[in-house]
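When reading the values below, keep in mind they use all heavy atoms of this one structure, side chains included, and skip hydrogens, waters and symmetry mates. Per chain, numbering begins at 1; letters A, B, ... match sequence-line order.
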2 protein chains.
Amino acid sequence: MTSTIHIIDDEESIRDALAFLFASRGLPAQGWPSGEAFLEALPGQDCGCVVLDVRMEGLSGPEVFDRLRAMGWKAPVIFLTGHADVPVAVQTLKAGAFDFVEKPFNDNQLVDLVVKAIAMHENQRVLIGHRQDLQRRIQTLSNREAEVMRLMLQGNLNKQIAHALGIAMRTVEVHRSRVLEKMGVRNTTELVVLLAELDAS
Amino acid sequence: MTSTIHIIDDEESIRDALAFLFASRGLPAQGWPSGEAFLEALPGQDCGCVVLDVRMEGLSGPEVFDRLRAMGWKAPVIFLTGHADVPVAVQTLKAGAFDFVEKPFNDNQLVDLVVKAIAMHENQRVLIGHRQDLQRRIQTLSNREAEVMRLMLQGNLNKQIAHALGIAMRTVEVHRSRVLEKMGVRNTTELVVLLAELDAS
DNA sequence: CCCGCTATTGTGGGTTTCCACAATCGCGAG
DNA sequence: CTCGCGATTGTGGAAACCCACAATAGCGGG
């Protein structure tokens with residue numbers, strides 16, 4: 001596992017302790033003294049997970065989280081808090097945070113949590129890649145092809161599509177064939193299955 | 001909206017205040033003095049939503065929630081708490097609770113929340129109904145028909161299915177036709193679309 | 001034993017899908 | 001103006017799908 005865990009906390013002792021904990025488990029980690037510093041550097045490529053303190057000088061944890069979400073951030077975010085704050089916990093979880101942990105925490109449990117978060121992120125990265133690949137294929141379709149595909153997906157016969165679009169059935173066959181070729185599938189059934197799999201995730 | 005809101009709280013004043021609040025907004029409500037009482041009566045048919053206090057004599061809110069989930073309960077559950085308890089909030093939310101609200105709460109916000117929860121439940125009820133209908137149709141298939149359908153859904157030609165099952169292509173045609181008839185669709189595309197839509201929800 | 005149901009198979013004919021080969025037209029870019 | 005691309009269409013032939021009509025065999029229940 002090569003993903004880096006990014007620890008954002010204005011307390012150096014906490015950052016170092018966590019970095020040491022993760023390093024001792026073979027998990028690469030990097031600390032950031034503030035949300036601002038992290039947002040400015042914004043290391044995205046190798047990020048496996050963010051461990052984010054709620055209370056910080058400057059931008060708070062939830063504020064950093066909002067910024068990340070606003071820019072389409074995908075890596076999981078685990079909040080740490082030393083103060084019981086139910087509304088913040090509820091709000092961040094409902095907004096998509098991976099988890100919310102009170103200090104003091106159990107080392108093993110935090111590591112397990114981080115490992116789970118990284119694994120989930122990895123799975124999602126694969127799915128996102130597939131979805132982007134599918135999107136690229138869809139982008140190669142001409143307008144007409146895309147239109148024919150939409151009607152194909154409704155289970156229409158070629159002659160029904162021809163009638164709907166006011167063109168010859170031979171033309172529908174041409175478009176249909178090109179759609180299947182560009183989408184890399186054998187037939188309409190495979191196309192529906194492919195689109196459905198990625199729609200569901 | 002005919003769904004009932006079930007309020008579970010061992011404090012009669014809270015139950016009555018909430019029942020009054022909901023009634024004043026045209027939302028039918030019923031109070032229960034304990035989790036035990038609710039679990040014993042277990043009104044399921046008209047339940048739109050459960051509002052559940054965390055701290056109670058006997059079974060606690062989270063314990064009631066666990067019992068409900070264990071029996072496949074579907075209606076949304078909103079927790080109320082007078083004590084900041086982050087781990088409980090996090091755990092119940094991650095276990096599927098609809099929301100977690102600290103007392104004192106804003107009347108309008110709680111009502112909005114309940115209305116949202118009921119609407120979500122209604123949507124899910126419709127989907128569950130569709131899924132059950134689909135399941136019933138699938139149950140009408142003979143073993144052989146179900147087997148042919150599985151291969152159909154993979155985009156196989158009749159002759160491919162015939163080869164895989166070691167039978168004549170004519171037989172595959174017969175099974176295929178009966179599958180489409182029993183599933184109430186025009187062709188394999190409609191069948192895949194139908195199954196995918198309900199799989200995704 | 002009879003009946004109903006499922007599984008299986010065949011024949012013949014119609015419909016739909018698929019496509020190689022071929023061609024025209026319109027539009028936009030260089 | 002030329003070229004490339006997309007949209008459109010036709011011909012002819014093969015493959016795949018669909019099904020009415022017909023039949024046999026096996027199994028379980030009454």
Side-chain angles (χ1 to χ4, degrees), chain A residues 130-199, chain B residues 130-199:
Chain A
H130 284 162
R131 193 180 288 124
Q132 285 176 340
D133 181 52
L134 185 62
Q135 273 300 326
R136 272 192 295 269
R137 283 190 245 174
I138 291 175
Q139 292 303 320
T140 66
L141 301 179
S142 70
N143 291 335
R144 203 56 156 175
E145 285 161 358
E147 203 166 10
V148 168
M149 182 169 87
R150 181 175 58 79
L151 293 167
M152 282 161 67
L153 296 178
Q154 290 172 6
N156 293 305
L157 303 178
N158 286 345
K159 79 182 194 178
Q160 288 171 325
I161 297 172
H163 179 75
L165 300 178
I167 54 178
M169 204 165 72
R170 181 72 191 89
T171 308
V172 174
E173 288 171 5
V174 171
H175 292 316
R176 177 189 279 264
S177 174
R178 287 185 62 82
V179 164
L180 298 180
E181 182 190 336
K182 288 182 176 181
M183 297 304 292
V185 293
R186 288 184 296 174
N187 48 50
T188 309
T189 303
E190 283 196 348
L191 179 59
V192 177
V193 170
L194 179 65
L195 292 174
E197 277 172 356
L198 289 167
D199 240 357
Chain B
H130 285 164
R131 195 180 288 123
Q132 286 177 336
D133 180 54
L134 185 62
Q135 273 299 326
R136 274 192 294 270
R137 281 190 246 172
I138 291 175
Q139 292 302 320
T140 66
L141 301 179
S142 70
N143 290 335
R144 202 57 156 172
E145 285 161 357
E147 202 166 10
V148 168
M149 182 170 85
R150 182 176 59 79
L151 294 166
M152 282 162 68
L153 296 177
Q154 290 172 7
N156 293 304
L157 303 178
N158 285 345
K159 79 180 193 181
Q160 288 171 324
I161 297 172
H163 180 76
L165 301 180
I167 54 176
M169 204 164 74
R170 180 73 191 88
T171 307
V172 173
E173 290 172 1
V174 170
H175 291 316
R176 177 188 279 265
S177 173
R178 288 185 62 81
V179 164
L180 298 181
E181 182 188 337
K182 288 182 176 181
M183 297 304 291
V185 293
R186 288 183 297 172
N187 48 49
T188 308
T189 302
E190 283 196 349
L191 178 60
V192 179
V193 169
L194 179 65
L195 291 173
E197 276 171 357
L198 289 168
D199 241 358

* Find the distance R176(A):CZ to dT9(D):C1' and express it as a whole number of Å. => 18 Å

* Separation of M152(A) atom CE from dT17(C) atom P, in whole Å? -> 10 Å

I want to check something: taking the side chain as every heavy atom from C-beta on, are [X] and [Y] in contact at a cut-off of under 4.5 Å?
X	Y	result
R136(B)	T140(B)	no
M183(B)	I138(B)	yes
Q135(A)	Q139(A)	yes
R137(B)	L194(B)	yes

Could you go through nucleotides 27-30 of chain C and list every protein N or O atom that sits under 3.5 Å from one of its N or O atoms, giving the distance for each pair?
none

Enumerate, atom names and distances included, each donor-acceptor pair closer than 3.5 Å involving a side-chain atom of residues 145-153 of chain A, sequence neighbours excluded.
unit_1, atom_1, unit_2, atom_2, d
E145(A), OE1, S142(A), N, 2.8
E145(A), OE1, S142(A), OG, 3.4
E145(A), OE1, K182(A), NZ, 2.8
E145(A), OE2, R178(A), NE, 2.9
E147(A), OE1, R144(A), NH1, 3.1

* Lys/Arg N to Asp/Glu carboxylate O, R170(B) vs E173(B), below 4.0 Å ->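 Salt bridge present between R170(B) and E173(B).
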
So which protein N/O to nucleotides 5-9 of chain C N/O distances come out below 3.5 Å?
unit_1, atom_1, unit_2, atom_2, d
dA7(C), OP1, S142(B), OG, 2.9
dA7(C), OP1, R144(B), N, 3.2
dA7(C), OP2, S142(B), OG, 2.6
dT8(C), OP1, R144(B), NE, 3.0
dT8(C), OP1, R144(B), NH2, 2.8
dT8(C), OP2, R144(B), NE, 3.0
dT8(C), OP2, H175(B), NE2, 2.8
dT9(C), OP2, A168(B), N, 2.6
dT9(C), OP2, T171(B), OG1, 3.0

* May I ask you to evaluate whether N158(A) reaches the phosphate of dT17(C), defined as a side-chain N or O under 4.0 Å from OP1 or OP2? =>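 Yes, within the criterion.
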
* **Closest non-hydrogen atom pair between G155(B) and E190(A), with its separation** => CA-CG, 4.4 Å

* **Intermediate values then yes/no, side chain to side chain contact (heavy atoms under 4.5 Å, CB included), R186(B) and N156(A)** => CA-CA 9 Å; R186(B) 288 183 297 172; N156(A) 293 305; 3.8 Å; yes

